[in-house]
Amino acid sequence: MINGKDTILLVQPLGATAGGLVIANLTENSYSIENEIIDEQTKMGRIVAYGQNSESFELTAYGEKGDPGQQAVLDAIRNKEELKVWEVNQTANEQGGYDASFAYCIVESAEKSNPTDSFQEVTATLQVRGQSQQGELTSLPTGLTEQPYPFEEPATTAG
(Lines give C-alpha, C1' and ligand atoms only; values in the text may rest on other atoms or scores of the structure.)
Protein backbone atom coordinates (compact mmCIF):
# COMPACT_ATOMS: atom_id res chain seq x y z
CA MET A 1 0.00 0.00 0.00
CA ILE A 2 1.15 3.51 -0.75
CA ASN A 3 0.51 6.00 2.05
CA GLY A 4 -0.52 9.48 0.83
CA LYS A 5 1.80 11.20 3.30
CA ASP A 6 4.77 9.53 1.59
CA THR A 7 4.18 11.33 -1.71
CA ILE A 8 5.55 14.85 -2.13
CA LEU A 9 6.04 17.39 -4.88
CA LEU A 10 9.34 19.01 -5.78
CA VAL A 11 9.48 22.05 -8.08
CA GLN A 12 12.31 23.79 -9.87
CA PRO A 13 12.14 26.98 -11.93
CA LEU A 14 13.37 26.33 -15.47
CA GLY A 15 16.41 28.60 -15.20
CA ALA A 16 17.49 27.39 -11.74
CA THR A 17 20.50 25.17 -11.29
CA ALA A 18 19.83 24.29 -7.64
CA GLY A 19 18.05 21.03 -6.83
CA GLY A 20 14.32 20.51 -6.53
CA LEU A 21 12.52 22.67 -4.02
CA VAL A 22 10.27 20.99 -1.49
CA ILE A 23 6.89 22.67 -1.07
CA ALA A 24 6.70 23.42 2.66
CA ASN A 25 3.67 22.37 4.70
CA LEU A 26 2.18 20.34 1.82
CA THR A 27 -1.12 18.94 3.05
CA GLU A 28 -2.42 17.38 -0.15
CA ASN A 29 -1.35 16.77 -3.70
CA SER A 30 -2.82 14.86 -6.61
CA TYR A 31 -2.05 13.81 -10.15
CA SER A 32 -4.71 13.52 -12.83
CA ILE A 33 -4.66 12.16 -16.38
CA GLU A 34 -7.61 12.49 -18.70
CA ASN A 35 -8.14 11.51 -22.30
CA GLU A 36 -10.11 13.21 -24.99
CA ILE A 37 -12.26 10.59 -26.70
CA ILE A 38 -12.82 10.74 -30.45
CA ASP A 39 -16.42 9.66 -31.05
CA GLU A 40 -17.71 9.55 -34.63
CA GLN A 41 -20.69 8.01 -36.36
CA THR A 42 -20.28 6.10 -39.61
CA LYS A 43 -22.77 4.29 -41.82
CA MET A 44 -21.61 1.08 -40.11
CA GLY A 45 -22.03 2.43 -36.58
CA ARG A 46 -20.08 4.28 -33.97
CA ILE A 47 -16.26 4.58 -33.92
CA VAL A 48 -14.56 5.40 -30.63
CA ALA A 49 -10.82 6.06 -30.29
CA TYR A 50 -8.33 7.64 -27.93
CA GLY A 51 -7.49 11.31 -28.46
CA GLN A 52 -5.01 13.57 -26.68
CA ASN A 53 -4.07 13.08 -23.02
CA SER A 54 -4.25 15.93 -20.53
CA GLU A 55 -2.25 15.66 -17.28
CA SER A 56 -2.12 17.91 -14.24
CA PHE A 57 -0.85 18.15 -10.68
CA GLU A 58 -2.80 19.82 -7.86
CA LEU A 59 -1.32 20.95 -4.57
CA THR A 60 -2.51 22.38 -1.29
CA ALA A 61 -0.17 23.66 1.41
CA TYR A 62 -0.32 25.84 4.47
CA GLY A 63 1.33 29.16 3.67
CA GLU A 64 4.93 29.52 4.81
CA LYS A 65 6.50 32.97 4.54
CA GLY A 66 9.70 32.80 2.52
CA ASP A 67 9.31 29.17 1.42
CA PRO A 68 11.20 28.84 -1.88
CA GLY A 69 8.97 25.98 -3.14
CA GLN A 70 5.72 27.87 -2.66
CA GLN A 71 7.33 31.05 -3.99
CA ALA A 72 8.53 29.24 -7.13
CA VAL A 73 4.93 28.28 -7.96
CA LEU A 74 3.61 31.79 -7.34
CA ASP A 75 6.48 33.40 -9.31
CA ALA A 76 5.98 30.99 -12.23
CA ILE A 77 2.34 32.01 -12.79
CA ARG A 78 3.09 35.69 -12.22
CA ASN A 79 5.98 35.65 -14.72
CA LYS A 80 4.38 33.15 -17.13
CA GLU A 81 7.28 30.71 -16.75
CA GLU A 82 7.43 26.94 -16.72
CA LEU A 83 8.35 24.76 -13.77
CA LYS A 84 9.95 21.35 -13.58
CA VAL A 85 7.84 19.17 -11.28
CA TRP A 86 8.54 15.82 -9.65
CA GLU A 87 5.95 13.77 -7.79
CA VAL A 88 8.05 11.52 -5.56
CA ASN A 89 7.30 8.55 -3.33
CA GLN A 90 9.59 9.02 -0.30
CA THR A 91 9.63 5.29 0.45
CA ALA A 92 12.68 3.71 -1.18
CA ASN A 93 12.03 1.01 -3.78
CA GLU A 94 13.84 -2.36 -3.99
CA GLN A 95 16.83 -0.73 -5.76
CA GLY A 96 17.15 1.99 -3.09
CA GLY A 97 15.80 4.74 -5.36
CA TYR A 98 12.60 6.74 -5.11
CA ASP A 99 9.85 6.24 -7.70
CA ALA A 100 8.94 9.54 -9.34
CA SER A 101 7.03 11.19 -12.16
CA PHE A 102 8.65 14.16 -13.88
CA ALA A 103 7.07 16.84 -16.06
CA TYR A 104 7.47 20.32 -17.42
CA CYS A 105 4.45 22.30 -16.19
CA ILE A 106 2.67 25.58 -16.64
CA VAL A 107 0.86 26.94 -13.60
CA GLU A 108 -2.80 27.25 -14.62
CA SER A 109 -4.00 28.74 -11.35
CA ALA A 110 -2.71 29.62 -7.89
CA GLU A 111 -4.64 30.88 -4.90
CA LYS A 112 -3.88 32.04 -1.37
CA SER A 113 -6.83 31.89 1.01
CA ASN A 114 -6.83 33.45 4.47
CA PRO A 115 -9.54 32.06 6.74
CA THR A 116 -10.14 33.71 10.10
CA ASP A 117 -9.96 30.47 12.08
CA SER A 118 -7.04 28.66 10.45
CA PHE A 119 -3.74 28.97 8.59
CA GLN A 120 -3.34 30.54 5.17
CA GLU A 121 -3.70 27.96 2.38
CA VAL A 122 -1.85 28.00 -0.92
CA THR A 123 -3.39 25.95 -3.74
CA ALA A 124 -2.29 25.53 -7.33
CA THR A 125 -3.03 23.59 -10.51
CA LEU A 126 -0.03 22.71 -12.65
CA GLN A 127 -0.75 21.63 -16.24
CA VAL A 128 1.74 19.21 -17.82
CA ARG A 129 3.29 20.25 -21.11
CA GLY A 130 3.51 17.19 -23.34
CA GLN A 131 3.59 13.97 -21.34
CA SER A 132 5.04 13.19 -17.91
CA GLN A 133 7.90 10.72 -17.63
CA GLN A 134 8.29 7.91 -15.11
CA GLY A 135 11.61 7.20 -13.43
CA GLU A 136 13.37 7.28 -10.09
CA LEU A 137 15.44 9.71 -8.08
CA THR A 138 18.61 8.38 -6.52
CA SER A 139 18.33 10.71 -3.51
CA LEU A 140 15.90 13.08 -1.84
CA PRO A 141 16.56 16.71 -0.87
CA THR A 142 18.32 17.20 2.46
CA GLY A 143 15.95 17.45 5.39
CA LEU A 144 13.28 15.07 4.12
CA THR A 145 14.99 11.94 5.41
CA GLU A 146 16.76 13.45 8.41
CA GLN A 147 15.22 13.44 11.86
CA PRO A 148 15.03 16.86 13.60
CA TYR A 149 17.37 15.51 16.32
CA PRO A 150 19.02 12.14 17.05
CA PHE A 151 18.02 9.72 19.79
CA GLU A 152 19.73 10.38 23.12
CA GLU A 153 20.32 8.41 26.29
CA PRO A 154 19.45 10.19 29.55
CA ALA A 155 22.22 12.42 30.97
CA THR A 156 24.48 12.12 27.90
CA THR A 157 24.23 15.75 26.79
CA ALA A 158 23.59 19.08 28.44
CA GLY A 159 20.81 21.37 27.30
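Just so you know, these numbers use all the heavy atoms, side chains as well, and skip hydrogens, waters and symmetry mates.
- Residues I33 and L59 share a single hydrophobic cluster, defined by chaining ILVMFWY side chains whose heavy atoms lie under 4.5 Å apart.
- To the nearest 0.5 angstrom, Y104 atom OH is 10.0 Å from Q133 atom CD.
- Judged by distance alone, with hydrogens and angles left aside, the side-chain atoms of T60 form no donor-acceptor pair with the main-chain N or O of T123 at under 3.5 Å.
- Here the closest heavy-atom approach between residue E87 and residue S30 is recorded as OE2-C, 4.3 Å.
- Between R46 and E40 no salt bridge is recorded (no basic side-chain N to carboxylate O distance below 4.0 Å).
- Within 6.0 Å of CD in E28 there are 12 or fewer heavy atoms belonging to other residues, nucleotides or ligands.
- When only modelled atom types and interatomic distance are considered, Q134 and S101 share a side-chain donor-acceptor pair under 3.5 Å.
- Proximity of a side-chain donor or acceptor of N35 to a complementary backbone N or O of G51 within less than 3.5 Å is detected.
- Not one N or O on the side chain of Q71 forms a donor-acceptor pair closer than 3.5 Å with the backbone of K65.
- Taking hydrophobic clusters as Ile, Leu, Val, Met, Phe, Trp and Tyr residues chained together by side-chain heavy-atom distances below 4.5 Å, I47 does not share a cluster with I38.
- To the nearest 0.5 Å, atoms CG (L9) and CG (N29) are separated by 4.0 Å.
- No donor-acceptor pair under 3.5 Å is formed between the side chain of E55 and the backbone N or O of N53.
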Step by step, would you call Q120 with N114 a side-chain hydrogen bond (donor to acceptor under 3.5 Å, both in side chains)?
CA-CA 5 Å; Q120 179 185 70; N114 300 292; 2.8 Å; yes
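- E108 contributes atom CD, which lies 7.5 Å from atom OG of S56 (distance to the nearest 0.5 angstrom).
- Two different hydrophobic clusters hold L74 and V85 under the rule that ILVMFWY side chains link at heavy-atom gaps under 4.5 Å.
- If you take OH on Y98 and CG on L10, they are separated by 12.0 Å, rounding to the nearest 0.5 Å.
- Residue I2 qualifies as open at atom CD1: its count of foreign heavy atoms under 6.0 Å is 12 or below.
- Judged by distance alone, with hydrogens and angles left aside, the side-chain atoms of N93 form a donor-acceptor pair with the main-chain N or O of G96 at under 3.5 Å.
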As a quick check of understanding, evaluate side-chain contact (heavy atoms from CB on, under 4.5 Å) for Q90 and I8, giving each step before the final call.
CA-CA 7 Å; Q90 296 182 85; I8 59 164; 3.3 Å; yes
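- Here the straight-line distance linking atom CD1 of I23 with atom CG of D67 works out to 7.5 Å at 0.5 Å rounding.
- Cluster annotation: V22 and V122 are assigned to distinct hydrophobic clusters (Ile/Leu/Val/Met/Phe/Trp/Tyr, side-chain heavy-atom contacts under 4.5 Å, transitive).
- In this structure, OG1 in T7 is found 10.0 Å from CG in D99, a value given to the nearest 0.5 Å.
- Closest of all the heavy-atom pairs between L137 and A100 is CG-CB, 4.2 Å.
- Taking the six-membered ring where the residue is Trp, Y31 and F57 present tilted rings, their angle falling between 30° and 60°.
- Under the 3.5 Å distance criterion, the side-chain polar atoms of Q12 are matched with a main-chain donor or acceptor of A16.
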Tell me, with the steps shown, if E82 and R129 meet salt bridge (charged side-chain N to carboxylate O under 4.0 Å, His left out).
CA-CA 9 Å; E82 285 186 286; R129 178 175 57 86; 2.4 Å; yes
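- Using a 3.5 Å distance cut-off with no hydrogens or angles, the side chains of E64 and N25 do pair a donor with an acceptor.
- L14 is not listed as a side-chain neighbour of L83, based on a closest heavy-atom distance of 4.5 Å or more.
- Of all heavy-atom pairs spanning L21 and G69, the tightest one is CB-CA, 3.9 Å.
- Applying the 6.0 Å contact sphere to CD of Q52 captures no more than 12 heavy atoms from other residues, nucleotides or ligands.
- Here the options are T125, L126, V107, the test is side-chain contact (heavy atoms from CB on, under 4.5 Å), and the partner is I77; only V107 passes.
- K84 has its side chain out of reach of C105: every pair of non-hydrogen atoms, C-beta onward, lies at least 4.5 Å apart.
- Taking both residues in full, the closest heavy atoms of A103 and S132 are given as CB-CB, 3.9 Å, listed atom of the first, atom of the second, then distance.
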